[in-house]
Amino acid sequence: GQQLNQSPQSMFIQEGEDVSMNCTSSSIFNTWLWYKQEPGEGPVLLIALYKAGELTSNGRLTAQFGITRKDSFLNISASIPSDVGIYFCAGRNSGAGSYQLTFGKGTKLSVIP
Amino acid sequence: DTEVTQTPKHLVMGMTNKKSLKCEQHMGHRAMYWYKQKAKKPPELMFVYSYEKLSINESVPSRFSPECPNSSLLNLHLHALQPEDSALYLCASSQDERVGSVFGQGTRLTVV
């Protein structure tokens, strides 16, 4: 089956630093999604990417859909304490009726004030 | 309304109980999902409803029974669960299969 390798598994950074995390896949995806999950809550969609090469920003967050369709990265600039949480990438290989999302294992982000 | 609402937020049930989890969205989304999430793991897909019809069942045991009464509601009926079924159960919805899903807050289920 499809697998997503997400790295790093965890990060401890100083407030104000930039953060970068990425996902790679053994197969092609047509959609890449980035979610953030805080303890006791459901995942929140941060950025959705639908086209190879697409670069999209949402405030301090920037994500790119790799040109090979097998990878994506998420950058967070000037981190703040409320960025703490687990970040998941997810890929979808859309075809007719293809609703399945493949999730990465998550990157746990800790921000030291 | 841009939310997926799940009730209850917490549920403790015995192995002989019958209970139901409820999910509601009013965004006009045509696909609704149930996921199970264990601690420190990503969500795992259980069921997908598309246009109120079950389109995916990821080999989930029959003690979990989904129901989609209408396009805004999704239920998950629970019966004779095991302690290992304790997890966060997440509902999600999406406009269709091409776009990102919106997740609810989840129901934290504990089976005793």
Side-chain angles (χ1 to χ4, degrees), chain A residues 1-7 9-10 21 23 25 29-52 54 56 58 61 63 65 72 74 85-110, chain B residues 2-10 21 23 25 27 29-51 53-59 66 68 74 87-110:
Chain A
Q2 295 174 331
Q3 291 189 1
L4 279 184
N5 296 311
Q6 185 172 351
S7 64
Q9 191 173 353
S10 63
M21 58 191 79
C23 277
S25 168
F29 286 110
N30 293 326
T31 300
W32 282 96
L33 307 167
W34 285 93
Y35 288 90
K36 177 188 177 187
Q37 188 173 24
E38 297 183 33
E41 303 290 329
V44 174
L45 182 62
L46 301 174
I47 292 180
L49 302 159
Y50 300 110
K51 192 175 173 182
E54 181 180 356
T56 297
N58 178 6
L61 278 61
F65 191 144
S72 177
L74 175 70
I86 300 178
Y87 291 79
F88 290 104
C89 64
R92 175 175 280 144
N93 191 354
S94 332
S98 175
Y99 294 93
Q100 177 78 276
L101 272 182
T102 302
F103 279 87
K105 292 188 176 180
T107 294
K108 185 176 181 180
L109 178 63
S110 301
Chain B
T2 58
E3 291 185 342
V4 173
T5 303
Q6 288 187 245
T7 55
K9 188 159 185 179
H10 301 276
L21 309 185
C23 174
Q25 58 87 14
M27 296 176 280
H29 288 177
R30 308 311 298 189
M32 295 186 76
Y33 313 75
W34 280 114
Y35 287 84
K36 174 183 177 181
Q37 187 178 27
K38 300 286 267 186
K40 300 182 181 179
K41 299 287 187 183
E44 296 175 17
L45 183 65
M46 299 174 72
F47 302 104
V48 180
Y49 273 82
S50 172
Y51 292 86
K53 292 185 180 174
L54 183 64
S55 104
I56 294 177
N57 175 343
E58 290 289 341
S59 303
C68 188
L74 186 66
L88 181 68
Y89 287 84
L90 293 162
C91 176
S93 70
S94 64
Q95 181 60 41
D96 55 43
E97 71 272 23
R98 295 168 296 172
V99 299
S101 300
V102 178
F103 282 84
Q105 282 191 312
T107 294
R108 174 70 60 189
L109 175 68
T110 303

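Scope of the values below: all heavy atoms of this structure, side chains included, with no hydrogens, waters or symmetry mates. A note on names: the letters A, B, ... follow the listed sequences, proteins ahead of strands, and every chain is numbered from 1.
Inter-residue side-chain proximity for Leu45(B) and Phe103(A) is flagged as unmet; no heavy-atom pair is nearer than 4.5 Å. Contact of the Leu101(A) side chain with the Tyr33(B) side chain is not registered, since no non-hydrogen atoms from C-beta on lie closer than 4.5 Å.
Not one N or O on the side chain of Arg108(B) forms a donor-acceptor pair closer than 3.5 Å with the backbone of Gly40(A). In terms of modelled atom types and a separation under 3.5 Å, the side chain of Tyr35(A) and the main chain of Phe103(B) share no donor-acceptor contact.
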Criterion side-chain contact (heavy atoms from CB on, under 4.5 Å) on Gln100(A) and Glu58(B), from CA distance to verdict: CA-CA 10 Å; Gln100(A) 177 78 276; Glu58(B) 290 289 341; 2.9 Å; yes
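Between chain A and the residues Gly104(B), Gly106(B), Ala31(B), Pro43(B), the largest count of heavy-atom pairs under 4.5 Å involves Pro43(B). Most heavy-atom pairs under 4.5 Å with chain A, from the set Val99(B), Val102(B), Leu88(B): that is Val99(B). Ranked by heavy-atom pairs under 4.5 Å with chain A, the first of Cys91(B), Gly100(B), Ser50(B), Ala92(B) is Gly100(B).
Heavy-atom distances place the side chain of Gln37(A), and not its backbone, under 4.5 Å from chain B. Residue Leu33(A) touches chain B through its side chain alone, counting heavy-atom pairs closer than 4.5 Å. Contact annotation for Gln6(B): neither backbone nor side-chain heavy atoms come within less than 4.5 Å of a heavy atom of chain A.
Counting heavy atoms of neighbouring residues, nucleotides and ligands inside a 6.0 Å radius, atom NZ of Lys41(B) does not exceed 12 of them. Within a 6.0 Å radius of CD in Gln9(A), no more than 12 heavy atoms belonging to other residues, nucleotides or ligands are found.
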